[in-house]
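Protein chains get the first letters and strands the later ones, always in sequence-line order, with residue 1 at the start of each.
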Number of protein chains: 2
Amino acid sequence: MVLKVRKNKSPQPPKPCALTHCMAFISGAWAPNVIWVLREGPRRFSELRIDIPPVSAKVLSTRLTELEARGIIERKVLPTSPPSVEYNLTEIGKEIVPALDALVAVGHKLKTQGHGVDDVAAKLAK
Amino acid sequence: MVLKVRKNKSPQPPKPCALTHCMAFISGAWAPNVIWVLREGPRRFSELRIDIPPVSAKVLSTRLTELEARGIIERKVLPTSPPSVEYNLTEIGKEIVPALDALVAVGHKLKTQGHGVDDVAAKLAK
DNA sequence: CTGTATCCGATCTGATACTG
DNA sequence: CAGTATCAGATCGGATACAG
């Protein structure tokens with residue numbers, strides 16, 4: 001999902017919030033999934049790969065780096081051998097969870113009303 | 001924003017909801033913006049182009065078609081000459097708005113704490 | 001274990017031009 | 001006005017190989 005982030009070349013009048021910028025933090029493949037998994041507690045890198053099967057190491061790594069830079073997750077290196085790393089949601093990160101829930105609720109409702117992803121794909125194919 | 005939609009090849013045990021599928025409806029550039037603008041009432045095609053400046057006609061058209069297929073917006077052709085078309089949110093579509101608000105609220109908070117998009121970009125550039 | 005570096009194909013978007 | 005067709009460039013994610 002590409003949430004397009006508009007380059008603010010022209011100084012726009014203070015729009016509501018430049019929506020797209022405000023949502024950039026869930027952009028990128030699997031970003032929402034990471035937050036979703038982390039809601040249940042801390043996870044290690046390899047555990048995340050198991051929880052989100054089709055994600056490649058590269059993308060997961062990229063996403064975790066971004067989410068950390070955005071202040072949504074924390075990265076903690078455990079002094080073990082071999083090294084292990086634990087990720088968990090920050091306080092702000094946890095605030096995203098309810099919003100995600102709301103989105104999923106709507107998605108579920110759409111699905112039950114004949115607007116599931118497959119249904120939509122069929123319609124668009126016509 | 002690319003919300004990756006996983007192909008459900010392997011019959012996964014009934015996961016929470018296949019998160020990604022449930023969020024597909026806001027995927028695609030400008031999709032959230034369209035919903036955001038439409039919250040204030042119906043808009044015509046050309047009006048949307050004005051409200052969301054950098055969007056091209058092609059993408060806007062594509063997005064509107066998708067959102068309609070997903071049951072999020074309604075398309076109404078007005079019997080005028082030249083023809084004009086009105087778009088507005090469906091009842092279900094309106095339910096997305098609060099979720100978007102919640103997301104934006106978090107985004108705004110992150111911004112005020114030094115995690116704006118530009119700050120993040122700077123961190124990642126290092 | 002936890003990543004990073006490359007290469008590469010798939011996908012998407014914007015610009016332009018054109019139709020009803 | 002309201003799109004659609006086509007093309008080119010940019011971006012992104014996956015696979016593989018490799019490093020600390």
Side-chain angles (χ1 to χ4, degrees), chain A residues 1-7 9-10 20 24 26-34 38 42-69 73-88 117 121 124-126, chain B residues 1-7 9 20 24 26-34 37-38 42-69 73-88 117 121 124-126:
Chain A
M1 154 197 217
V2 175
L3 285 177
K4 193 68 177 189
V5 173
R6 181 205 316 177
K7 315 295 183 191
K9 319 175 187 180
S10 53
T20 330
I26 55 164
S27 66
W30 314 116
N33 299 70
V34 170
L38 251 27
R43 283 281 187 280
R44 305 222 326 273
F45 187 84
S46 53
E47 292 176 320
L48 286 170
R49 291 208 62 186
I50 295 171
D51 290 330
I52 314 172
V55 71
S56 67
K58 181 189 119 182
V59 173
L60 179 57
S61 175
T62 305
R63 221 51 70 204
L64 289 170
T65 304
E66 289 172 3
L67 290 172
E68 189 191 1
I73 64 175
E74 280 177 342
R75 182 177 184 271
K76 198 188 325 181
V77 180
L78 304 178
T80 60
S81 177
S84 58
V85 183
E86 204 174 83
Y87 295 93
N88 55 352
V117 278
L124 294 176
K126 291 176 192 169
Chain B
M1 158 196 220
V2 175
L3 285 178
K4 192 70 177 186
V5 173
R6 181 205 316 176
K7 315 294 184 189
K9 318 176 188 181
T20 330
I26 55 164
S27 67
W30 314 116
N33 299 70
V34 170
V37 170
L38 251 28
R43 283 279 188 281
R44 305 221 325 273
F45 188 85
S46 54
E47 292 176 321
L48 286 170
R49 292 208 61 185
I50 295 171
D51 290 331
I52 313 172
V55 70
S56 66
K58 181 189 119 182
V59 173
L60 179 57
S61 176
T62 305
R63 218 55 65 203
L64 290 170
T65 304
E66 289 173 3
L67 290 172
E68 189 192 3
I73 64 174
E74 280 176 342
R75 181 176 184 272
K76 198 186 330 179
V77 180
L78 305 178
T80 59
S81 177
S84 58
V85 182
E86 203 175 83
Y87 295 92
N88 55 350
V117 278
L124 294 175
K126 288 177 193 168

side-chain contact (heavy atoms from CB on, under 4.5 Å) assessment of A/Asn33 paired with A/Leu48: CA-CA 9 Å; A/Asn33 299 70; A/Leu48 286 170; over 6 Å; no
How many Å lie between CG on B/Leu48 and C1' on D/dG3, as a whole number? 13 Å
Test of understanding: with side-chain hydrogen bond (donor to acceptor under 3.5 Å, both in side chains), list the residues that count as partners of A/Ser84, not counting sequence neighbours. A/Thr80
Whole Å only: how far is the CZ atom of A/Arg49 from the P atom of D/dT16? 11 Å
Please tell me if B/Arg63 has a side-chain N or O lying less than 4.0 Å from either OP1 or OP2 of C/dT13. yes
Indicate for each nucleotide in nucleotides 2-9 of chain C, in 5' to 3' sequence, whether protein heavy atoms under 4.0 Å reach the base (B), only the sugar-phosphate (S), or nothing (-). SSS-BB--
Keeping B/Arg63 on the side-chain end and B/Ala29 on the backbone end, is there a donor-acceptor pair under 3.5 Å? yes
Audit row: B/Arg75, B/Leu64, side-chain contact (heavy atoms from CB on, under 4.5 Å) steps and yes/no: CA-CA 9 Å; B/Arg75 181 176 184 272; B/Leu64 290 170; over 6 Å; no
Rounding to an integer number of Å, can you tell me how far B/Ile52 CD1 sits from C/dG14 C1'? 15 Å
Can a donor-acceptor pair be found, under 3.5 Å and without considering hydrogens, that links the side chain of B/Arg43 to the backbone of B/Tyr87? no
side-chain contact (heavy atoms from CB on, under 4.5 Å) against A/Ser46, all qualifying residues, sequence neighbours excluded: A/Arg44
Whole-Å distance, B/Arg43 CZ to D/dG3 C1', equals 20 Å
Sorted by chain and residue number, the salt bridge (charged side-chain N to carboxylate O under 4.0 Å, His left out) partners of B/Glu68 (sequence neighbours excluded) come out as none
Residues at least two apart in sequence or cross-chain that pass salt bridge (charged side-chain N to carboxylate O under 4.0 Å, His left out) with A/Glu86, listed by chain then number, are A/Lys76
Below 4.0 Å: OP1/OP2 of D/dC12 and any side-chain N or O of A/Trp30: no
Specify the separation, in whole Å, of atom CD of B/Glu66 and atom P of D/dG3. 14 Å
Bend angle of the helix from C/dC1-D/dG20 to C/dG20-D/dC1, end axes from five pairs each (to 10°): 50°
